[in-house]
Engineer: 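Take a look at the following structure, please.
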Amino acid sequence: MKIGVNHLVYDIIRKIPYGRVSTYAAVARAIGYPRAARAVGNALNKNPYAPHVPCHRIVKSNGDVGGFARGQKAKENMLKQEGIKIKQGKIFNFCNIFYDFS
DNA sequence: ACGGTGACGCTCA
DNA sequence: TTGAGCGCCACCG
């Protein structure tokens, strides 16, 4: 396990409150690599901290749910469980529950 | 070392 | 409003 950018990603995501979501781009920006949104997704795909880090709270910038290692369906379920509504693969009230790290 | 691929994002037609 | 194209960074064969 390397202590580097990836670790920062996990650390940042851990700060997202229950019932809120953030985006890959926002995370990338928070760690100082605004263009590394893809890399963030790649890091989460590995996700050594599976239950510890709420990676399901990371969605696309356009409000789409995005992907998930264990399936998009599972991700939607977890989000719904936190009170987050999902309409046809998109986050409902995305603007309201979006969490910015700034 | 190199090229392909992916839980993405932005622009343009 | 959708879809296609290109750019980005990190991981993997």
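Residue numbering restarts at 1 for every chain, and letters A, B, ... go by the order of the sequence lines.
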Engineer: Look at the side-chain heavy atoms of Ile, Leu, Val, Met, Phe, Trp and Tyr, link any pair under 4.5 Å apart, and say whether A/Ile91 and A/Met78 land in one connected group.
Structural biologist: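 No: no chain of side-chain contacts under 4.5 Å links A/Ile91 to A/Met78.
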
Engineer: Identify which nucleotide among C/dC8, C/dA10, B/dA7 has an atom closest to any side-chain atom of A/Tyr33, counting heavy atoms from C-beta outward.
Structural biologist: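 Per side-chain heavy atoms of A/Tyr33, the pick is C/dA10.
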
Engineer: A/Leu44 has an atom CG; how far is it from atom C1' of C/dA10, in whole Å?
Structural biologist: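 Distance check: A/Leu44 CG to C/dA10 C1' gives 12 Å.
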
Engineer: Are A/Val53 and A/Ile12 co-members of a hydrophobic cluster defined by side-chain heavy atoms under 4.5 Å apart?
Structural biologist: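 A/Ile12 and A/Val53: one cluster.
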
Engineer: What is the separation between atom CG on A/Asp64 and atom P on B/dG6, rounded to the nearest whole Å?
Structural biologist: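 To the nearest whole Å, that distance equals 17 Å.
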
Engineer: Within this structure, what is the CG-CD distance for the pair A/Leu79 and A/Gln72, rounded to the nearest 0.5 Å?
Structural biologist: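 Interatomic distance, A/Leu79 CG to A/Gln72 CD, rounded to 0.5 Å: 10.0 Å.
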
Engineer: Where along residues 83-102 of chain A does a heavy atom fall under 4.0 Å from DNA chain B?
Structural biologist: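 None, since no heavy atom is under 4.0 Å.
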
Engineer: Determine all donor-acceptor pairs shorter than 3.5 Å in which one atom belongs to a side chain in residues 13-27 of chain A; sequence neighbours excluded.
Structural biologist:
{"residue": "A/Arg14", "atom": "NH2", "partner": "A/Asp11", "partner atom": "OD1", "Å": "2.2"}
{"residue": "A/Tyr18", "atom": "OH", "partner": "A/Gln81", "partner atom": "O", "Å": "3.2"}
{"residue": "A/Arg20", "atom": "NE", "partner": "A/Ile97", "partner atom": "O", "Å": "2.9"}
{"residue": "A/Arg20", "atom": "NH2", "partner": "A/Phe98", "partner atom": "O", "Å": "3.0"}
{"residue": "A/Ser22", "atom": "OG", "partner": "A/Tyr99", "partner atom": "O", "Å": "2.9"}
{"residue": "A/Thr23", "atom": "OG1", "partner": "A/Ala26", "partner atom": "N", "Å": "3.0"}
{"residue": "A/Tyr24", "atom": "OH", "partner": "A/Lys75", "partner atom": "NZ", "Å": "3.4"}

Engineer: As a test of reading the structure: which of C/dC8, C/dA10, B/dA7 is closest to the side chain of A/Asn42, going by heavy atoms?
Structural biologist: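 Nearest to the side chain of A/Asn42 among the choices is C/dA10.
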
Engineer: Spell out, yes or no, whether A/Phe101 and A/Leu8 are grouped together once hydrophobic residues are joined by side-chain heavy atoms under 4.5 Å, including indirect joins.
Structural biologist: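 Cluster IDs for A/Phe101 and A/Leu8 match.
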
Engineer: Touch check for A/Ala39, heavy atoms < 4.0 angstrom, all strands: base, sugar-phosphate only, or nothing?
Structural biologist: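 If one applies the 4.0 Å heavy-atom cut-off, A/Ala39 turns out to touch a base.
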
Engineer: Could you give all pairs that pass the salt bridge (charged side-chain N to carboxylate O under 4.0 Å, His left out) test and reach residues 50-73 of chain A, with sequence neighbours left out?
Structural biologist: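 Qualifying pairs: A/Arg57-A/Glu82.
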
Engineer: For the hydrophobic clusters of this structure (ILVMFWY residues joined by side-chain heavy atoms under 4.5 Å, transitively), does one cluster hold both A/Ile58 and A/Phe94?
Structural biologist: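 Per the 4.5 Å side-chain linkage, A/Ile58 and A/Phe94 are not co-clustered.
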
Engineer: Could you run down the sub-3.5 Å N/O contacts of the protein with nucleotides 2-4 of chain B?
Structural biologist:
none

Engineer: Taking only the side-chain heavy atoms of A/Asn6 (C-beta and beyond), determine which of B/dA7, C/dC11, C/dC9 contains the nearest atom.
Structural biologist: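 Of B/dA7, C/dC11, C/dC9, C/dC11 is nearest to the side chain of A/Asn6.
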
Engineer: Show each protein N/O and nucleotides 9-13 of chain B N/O combination with a separation under 3.5 Å, one pair to a line.
Structural biologist:
{"residue": "B/dG9", "atom": "OP1", "partner": "A/Ala25", "partner atom": "N", "Å": "3.3"}
{"residue": "B/dG9", "atom": "OP1", "partner": "A/Ser61", "partner atom": "N", "Å": "3.2"}
{"residue": "B/dG9", "atom": "OP1", "partner": "A/Ser61", "partner atom": "OG", "Å": "2.6"}
{"residue": "B/dG9", "atom": "OP2", "partner": "A/Ser61", "partner atom": "N", "Å": "3.1"}

